[in-house]
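The block underneath contains the structure these notes are about, expressed in structure tokens.
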Amino acid sequence: MAYKENNLPDNQYNSEEIEKRCTDFWEAENIYAYDKNASRENTFCIDTPPPTVSGSLHIGHIFSFTQTDITARFQRMSGKSVFYPIGWDDNGLPTERRVQNYYNIACNPNLPYDPDFKPEHKEKDESPRKEVSRKNFIEACEKLTGEDEGIFEQVFRRIGHSYDWSLKYTTISPDAIKVSQKSFVDLYAKNKVQLVEAPTMWDVTFKSAVAQAEVEDREVEGFFHDLKFKVEGSDESFVISTTRPELLPACLAIVAHPDDERYKKFFGKNAIVPLFDIPVPIMPAAHADMEKGTGIMMICTFGDAADVAWWKQSGLPIKQIIGQDGRIMDIEYGAGAFETLDEAKAKANFAQLKGLTTKQAKAKIVELLREDGALQGEPRRIMHAVKFYEKGSLPLEFVSSRQWFIKLLEEKDRMLAAGKEIHWVPEHMYHRYEDWTEGLNQEWCISRQRFFGVPFPVWYPVDNAGNPDYTNPIIAAEDRLPVDPMIDAPAGYTEDQRNQPNGFIGDCDIMDTWATSSLTPQIAMHFAPKDAPLSLPFDIRPQAHDIIRTWAFYTIAKALLHENTIPWKEILISGFILDPDRKKMSKSKGNVITPLNLIEKHSSDAVRYWAAKARLGIDTAFEEQIMSQGRKLVVKLFNAGKFVLAMVAASELATESNYKAHIVNGVDKAWQAKLASTAEAARKAFANNDYAQALEVTESRFWDFCDNYLEIVKKRAYSEDNKSAVASLMLTLDTFVKLFAPFCPFITEELYQIRPWKSAAEISVHKESFPSEASFSGLTGEAKLYDMVVAVVAEIRKAKTAANKPLKTPVESLEILLPADTDALLKTAQGDIENVGQINAGGITYAPAEALEVKNIVLGELVK
RNA sequence: GGGCGUGUAGCUCAGGUGGUUAGAGCGUUACGUUGACAUCGUAAAGGUCGCAGGUUCGAGUCCUGCCACGCCCACCA
């Protein structure tokens, strides 16, 4: 399609029109299509992060995604076929939460499907959430994510990200589910995944297991309670300080350090748990800290990870009293595992706790302990760190449940080696990965008791008594994927055998989002043409540093487990956008300054300029002024371009594609030498992943061009003998549009397209080769000459400014002192110097000196 | 407690392998508007380069220690 009707520059810069023209043109001409005919060596593969679709795009997205786009554009201009997919991460908890709030609904998997249910947006009110079936809930998720994704795409197109949109995927789509389930099936075959019933970190709000990587510590208020325990069969007693008295009925044992003289005598005896009169063994344990509290502590089911670890090696029975809803369970207390010396007392006390939340139970039990006399003094307030699910608001509990785990602990060494093989930018980010990998102490729990996500391709046989056999799961065959075990029956069974004796049940859990996100390279390849020469490792993975322990870590794990390779050669870690007060930018503030508002105000190119100014891995404060600065640059590009085009249009060279041969003037060739070195510097900076540096050198050369070179050649370009000047301006424009193209794809395309000398073979600036020193072969001269001319011009300007005179004030005479070896060189530029300085003919005199100097400037009178 | 990073002009940031008067943009001030410029240009003021030692002829740059801030990890009865 034709880019523009008349191919003339607009009178004024109008970002919206230019952006519209460009996006339409790129779309129509398929400028960014991935070329599968290129070899793998000639392909640059990007493992694009699929943004989480749960609400609106944040300016931080624009920031980091634009930085990747700049790299992609440079690689494309370096002759690579760029595989630059885009996907939306729409499965998982964030989406569920948003859908619940947006439609005011909640999923109840026990309800039947209602085909007439239509989700509608409801403003937040007090009305209870409408319960809907699992299928209705998933449909609501799909509806809302679909709408959100449309908006995301609009913004990403508007900001000029050069994805191949035909490769677009969503993580909840059947094909992505297939890839994810295939991964599970493969891991099962390789014995890298296992179903385990064990105490797991559990979020009571979301009623789901969580993985180590999703856990964070928060400083919260707590209280030490000093509890008196009697020692069985003696008059002795001791005091334990605990923050979790509500776990008293779940107490398994009492431990103290083996060398602790205070308690050594008790080892082997039993302590009596207050209120419940349960005898529990007093045992030595090396992890007990003599300095902390009273030096003696209780092990419960389960206070923390240390309790779990100790319990595992103790062989003692489990005493689970906290249910999956975070409340004290309804159990027959006083028998079995909870054997007691006084059943009636234990039952009576426990009955008062049943059904309470842990917080309520704590208050209740303190009351009971106080009555009982076991509580010594009053609870003492402390601040301590407690583990929370990163998206949760209540502390995690350890609840025993059946979950699928990927066995990563045995892969630690390989993981560390793989991390070293990958090039981290900036390098120090590797330490985060290393820290995390070395500190890993749990297998990766991938089951989630949620609804909107990838189902496990798993069923369990049911025996003739109606009990599921979890030891012999039925795994779906690969060619059946994707499957939903809650809808599809396993091979060899029929649907009417579901939940029946001698039948089967489906695994009702879904996978952790990361179990799917960790396969982004594999998913992207799955959505590419089947005969494309794509393979791991990809070239780059761009991402932020907060998800090194999740996304980066898990992706490396999956690539190792499946393909036995690293997933990418390089990982580029972007920084965060911080509020001006240097806190991480909050979503609430993001609503005020939305990306679209900023784009409309400053233009896409200007917003991209802002993103390009920041270096990788460095957190920067949000400063809108940088966008204004970017806009100034873009407007300047527009105006300078328009000016050059006007000067060229008057020349007979205007339509000559082989104009370069006319660059013969010394000053012009000197300028081209400067331009060539800038191009080379930009190229080198890009090769070093330092796009900010590439922009910096390009930008400063461009302002040099506008302030100096353009003024220096202006008069000559209007004169009779103007071919060299005009050709030089043409080459300059051709060069700058290419140098700026990765940063400002819109204004550069606009200028590129409306050049009168554009040939039919020239499709888009974004398909051009990025300039290098070699592009200027034979066109460059003595760069020094340019520097000297600029220095002389600067002195003349300074003299005029000092005298408060306009710059067009004529100069009667001036003296240039200069070294002998540059004398002849500078004199070749005398005409240009006279032009730009408004110097009277013959006004310049020369004298030898050590260094260049301009003296005795005599200003004339400006004739009106 | 362990690790990583940051600390340069009022603000936001640049400053390979140590080398002349430490840079940019914004902001401030003064002046000007040259044949493109919803402006633009020319200039000025503004810095003990976190602090203290050390290496060196020479340190913003290398070494040691300290301080402040941020982040990551671990512990947390």
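A, B, ... follow the sequence lines: proteins, then strands. Residue 1 opens every chain.
Applying the 3.5 Å distance criterion, the base of B:A14 shares no donor-acceptor pair with the side chain of A:Glu696. For B:C75, the base has a donor-acceptor partner in the side chain of A:Asp217 [N/O atoms by modelled type, under 3.5 angstrom].
The residues A:Asp704 and A:Arg701 are annotated as salt-bridged, a charged nitrogen and a carboxylate oxygen being separated by less than 4.0 angstrom. Salt bridge absent: A:Glu773 and A:Arg683 never bring a charged side-chain N and a carboxylate O closer than 4.0 Å. Salt-bridge annotation for A:Glu216 and A:Lys387: absent, with no side-chain N of the basic residue lying under 4.0 Å from a carboxylate O of the acidic one.
Where A:Asn639 and A:Arg432 each meet RNA chain B at their nearest nucleotide, the meeting point lying more 5' is that of A:Asn639. Projected onto RNA chain B by closest heavy-atom contact, A:Met298 and A:Lys800 fall at different nucleotides, the more 5' of which corresponds to A:Lys800.
Contact annotation for A:Ala640: base contact, defined as any heavy-atom pair under 4.0 Å involving a base atom. Within 4.0 Å of A:Ala614, counting heavy atoms only, lies no atom of the nucleic acid at all. Among the atoms of the strands shown, none is found under 4.0 Å from any heavy atom of A:Ile240. Counting non-hydrogen atoms under 4.0 angstrom, A:Asp435 reaches a base of the nucleic acid. Residue-level contact check: A:Tyr13 touches the bases, meaning some heavy atom is under 4.0 Å from a base atom. Heavy atoms of A:Trp310 sit nowhere under 4.0 angstrom from any nucleic acid atom. Heavy atoms of A:Glu699 sit nowhere under 4.0 angstrom from any nucleic acid atom. The residue A:Arg244 sits apart from the nucleic acid: no heavy atom pair falls under 4.0 Å. Contacts of A:Lys636 with the nucleic acid, taken as non-hydrogen atoms under 4.0 Å apart, include base atoms.
When each of B:C4, B:G41, B:G15 is scored by its nearest atom to the side-chain atoms of A:Trp703, the top-ranked nucleotide is B:G41. In the set B:C75, B:A36, B:A43, B:A43 carries the atom at the smallest distance from any side-chain atom of A:Thr801. Of all nucleotides listed (B:U42, B:A38, B:A74), B:A38 comes nearest to the side chain of A:Val635. Here the side chain of A:Ala385 is nearest to one of B:U42, B:A36, B:C75, namely B:C75. Of all nucleotides listed (B:C40, B:U33, B:A14), B:U33 comes nearest to the side chain of A:Lys808.
A distance-only check finds a donor-acceptor pair linking the side chain of A:Asp690 to the backbone of A:Gln693 [under 3.5 Å].
The CE atom of A:Met298 lies 6.0 Å from the CG atom of A:Leu247; values are rounded to the nearest 0.5 Å.
Residue A:Gln625 contributes atom CD, which lies 6 Å from atom P of B:G27 at whole-angstrom precision. The CE atom of A:Met429 sits 13 Å away from the P atom of B:C71 (whole-angstrom rounding). In this structure, CD1 of A:Ile712 is placed 14 Å from C1' of B:U34, rounded to the nearest angstrom. Counting to the nearest Å, the P atom of B:A14 and the CG atom of A:Leu616 are 12 Å from each other. A straight line from CD of A:Gln629 to P of B:C40 spans 12 Å, rounded to a whole angstrom. Spacing between atom CG of A:Asp619 and atom P of B:G7 amounts to 12 Å, rounded to whole angstrom units. Across the protein-nucleic acid pair, A:Glu434 atom CD and B:G5 atom P stand 12 Å apart, rounded to whole Å. Following rounding to the nearest Å, A:Glu291 (CD) and B:G1 (P) show an atom-to-atom distance of 15 Å.
Rounded to the nearest Å, the gap between the C1' atom of B:A9 and that of B:A45 is 11 Å. Using atom P as the reference point in both B:U12 and B:A30, the two lie 25 Å apart (nearest Å).
Cation-pi contact between A:Arg755 and A:Tyr752: present, with separation from the ring centre below 6.0 Å and deviation from the ring axis of at most 45°.
Contact annotation: A:Arg701 side-chain N/O to B:A24 OP1/OP2 distance is not under 4.0 Å. Under 4.0 angstrom from either OP1 or OP2 of B:C26 there lies at least one side-chain N or O belonging to A:Lys632.
Side-chain N/O atoms of A:Glu624 and A:His602 include a donor and acceptor closer than 3.5 Å.
Residue-nucleotide stacking is present for A:Tyr718 and B:G35, judged by a side-chain ring centre under 5.5 Å from the six-membered base ring centre and planes under 30° apart.
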